[in-house]
Amino acid sequence: MATAARFGNGNGNGNGNGRAQVEFPPTLPGYEHINRYWDNTRNRTAAKIMPGQCYVTIRGELITTVLGSCVSVCIRDAKLGIGGMNHFMLPHSDDPHNWGGVSSAARYGSYAMETLINEVMKAGGTRRNFEIKAFGGGRIVNQMIDIGEQNIRFLLDYLKLEGMRLLSHDLGDVYPRKIVYYPDSGKVQVKRLRKLHNLTILERENQYQHTIEEKPVQGDIELF
């Protein structure tokens with residue numbers, strides 16, 4: 001079990017240097033590689049996901065990410081508080097609507113969505129209890145191809161075809177976003193980053209885009 005340090009509360013419970021040790025809850029199998037830390041402001045464990053990653057929890061953690069052109073979908077079982085979030089982008093495609101197996105770009109988006117759905121259900125969630133929210137898809141740089149809009153169109157088409165209702169969203173526009181998701185309650189905090197102070201978000205997404213264009217989707221997902 002991983003541990004993390006946080007500042008003590010001044011009541012003598014520290015370890016002599018002003019810090020106390022907090023144990024992280026165990027992750028579900030397969031998520032050991034996800035970066036987790038103690039969020040002092042929100043007083044709970046946080047899992048930070050990067051482009052191409054997904055995280056599901058049953059233990060009252062929060063999940064956070066920063067989005068540019070990418071989209072994150074938050075899905076939870078509203079009765080049990082089991083939920084997770086993904087962070088994905090489609091490779092460039094001339095036909096973002098054609099996701100039924102012909103378009104490799106849409107196939108990748110479908111894989112990202114089905115992975116999250118499957119993982120929430122594997123953790124004990126039930127599809128009929130799903131609560132779905134979505135964020136991101138900003139046009140953070142001027143390009144001939146609006147990658148964020150392609151991601152949004154794919155997502156809305158996918159949910160419509162699957163008969164899944166989007167409860168709430170903050171999609172499009174020109175802003176990067178920081179997302180903080182609480183699967184146990186369904187609460188989502190969105191901070192629009194008015195200025196791109198550095199190129200970190202853009203560099204991460206460009207690197208991710210290059211990776212998914214070179215690496216095909218592996219395997220098929222079986223929904224249950």
Side-chain angles (χ1 to χ4, degrees), residues 24-39 41-42 44-90 108-127 129-138 148 151-152 154-156 158-159 162 164-172 175-193 200-201 204-205 208 212 221 223:
F24 286 1
T27 63
L28 293 173
Y31 295 110
E32 296 83 0
H33 64 290
I34 297 296
N35 178 35
R36 295 192 300 162
Y37 62 94
W38 181 260
D39 187 316
T41 301
R42 299 170 178 87
R44 66 169 73 190
T45 306
K48 182 177 181 179
I49 62 172
M50 305 295 285
Q53 293 184 333
C54 167
Y55 189 78
V56 173
T57 180
I58 62 173
R59 305 185 187 280
E61 302 173 283
L62 67 84
I63 311 172
T64 184
T65 197
V66 177
L67 301 163
S69 301
C70 290
V71 168
S72 275
V73 179
C74 304
I75 298 180
R76 77 180 192 117
D77 182 311
K79 291 187 176 181
L80 300 179
I82 297 169
M85 179 167 71
N86 62 17
H87 181 150
F88 73 91
M89 175 193 290
L90 274 63
Y108 188 91
S110 181
Y111 177 85
M113 286 300 300
E114 290 168 5
T115 297
L116 176 59
I117 292 168
N118 250 12
E119 289 295 307
V120 173
M121 294 177 74
K122 188 193 303 182
T126 303
R127 190 178 176 119
N129 297 332
F130 276 2
E131 176 185 275
I132 304 171
K133 301 180 180 182
F135 307 91
N151 293 326
I152 294 168
F154 160 77
L155 174 64
L156 297 180
Y158 178 91
L159 293 176
E162 291 293 319
M164 304 176 79
R165 185 173 68 91
L166 190 59
L167 179 64
S168 62
H169 62 83
D170 183 30
L171 296 165
Y175 304 109
R177 295 164 170 88
K178 180 176 180 180
I179 310 298
V180 179
Y181 178 46
Y182 303 79
D184 53 351
S185 68
K187 177 182 176 181
V188 182
Q189 296 173 322
V190 180
K191 181 178 182 181
R192 290 189 171 191
L193 308 177
T200 302
I201 299 172
R204 285 176 181 168
E205 293 196 350
Y208 174 47
I212 60 180
I221 296 295
L223 292 180

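Small disclaimer: the values here were computed from a predicted structure and weren't measured.
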**Report entry** Residue list, salt bridge (charged side-chain N to carboxylate O under 4.0 Å, His left out) with Arg59, at least two apart or on another chain
**Finding:** none
Report summary line: Contacts of Ile179 meeting side-chain contact (heavy atoms from CB on, under 4.5 Å) (sequence neighbours excluded), chain-then-number -> Thr65, Leu67, Met85, Phe135, Arg177, Val188, Val190
**Report entry** Minimum-distance pair of heavy atoms, taken over all atoms of Phe154 and Ser110
**Finding:** CZ-N, 3.2 Å
Report summary line: Separation between CG (Asn35) and CD (Gln53), nearest 0.5 Å, reads 8.5 Å
Report summary line: CD1 of Ile58 to CG of Leu80, rounded to nearest 0.5 Å, is 10.0 Å
**Report entry** Within-4.5 Å side-chain heavy-atom neighbours: Arg36 and Tyr31
**Finding:** no
Query raised in the report: So do the side chains of Pro29 and Lys122 get within less than 4.5 Å of each other, counting heavy atoms only?
Result: no
Query raised in the report: Are the side chain of Arg76 and the backbone N or O of Ser185 linked by a donor-acceptor pair below 3.5 Å?
Result: yes
Query raised in the report: How far does CG of Leu166 sit from CG of Leu156, to the nearest 0.5 angstrom?
Result: 7.0 Å
Query raised in the report: When rounded to the nearest 0.5 angstrom, what is the spacing between CD1 in Ile117 and CE in Met164?
Result: 4.0 Å
Query raised in the report: Should Met121 and Arg127 count as side-chain neighbours, where that means a heavy-atom distance under 4.5 Å?
Result: yes
**Report entry** Thr27 OG1 to His33 NE2 distance, which is reported to the nearest 0.5 Å
**Finding:** 9.5 Å
**Report entry** Audit row: Arg44, Tyr182, side chain to side chain donor-acceptor pair (under 3.5 Å) steps and yes/no
**Finding:** CA-CA 10 Å; Arg44 66 169 73 190; Tyr182 303 79; 5.8 Å; no
Query - Lys48 side chain to Tyr37 backbone, donor-acceptor under 3.5 Å - result: no
Query raised in the report: Does any non-hydrogen side-chain atom of Val66 lie less than 4.5 Å from one of Leu193?
Result: yes
Query - Check against side chain to side chain contact (heavy atoms under 4.5 Å, CB included), Lys191 and Gln189 - result: CA-CA 7 Å; Lys191 181 178 182 181; Gln189 296 173 322; over 6 Å; no
Report task. Check whether any side-chain heavy atom of Tyr181 lies under 4.5 Å from a side-chain heavy atom of Leu62, and answer yes or no. Result -> no
Report task. With side chain to side chain contact (heavy atoms under 4.5 Å, CB included) as the test, would you mind laying out the steps for Asn151 and Leu155 before giving the verdict? Result -> CA-CA 6 Å; Asn151 293 326; Leu155 174 64; over 6 Å; no
Report task. Spell out, as yes or no, whether a donor-acceptor pair under 3.5 Å connects the side chain of Asn86 to the backbone of Cys54. Result -> no
Requested in this report: Give, for atom CD of Glu61 and atom CG of Leu28, the distance between the pair rounded to the nearest 0.5 Å.
Outcome: 8.0 Å
Query raised in the report: In chain order, what residues pass the ring-ring contact (aromatic ring centres under 6.0 Å, His included) check against Phe130, with sequence neighbours excluded?
Result: none
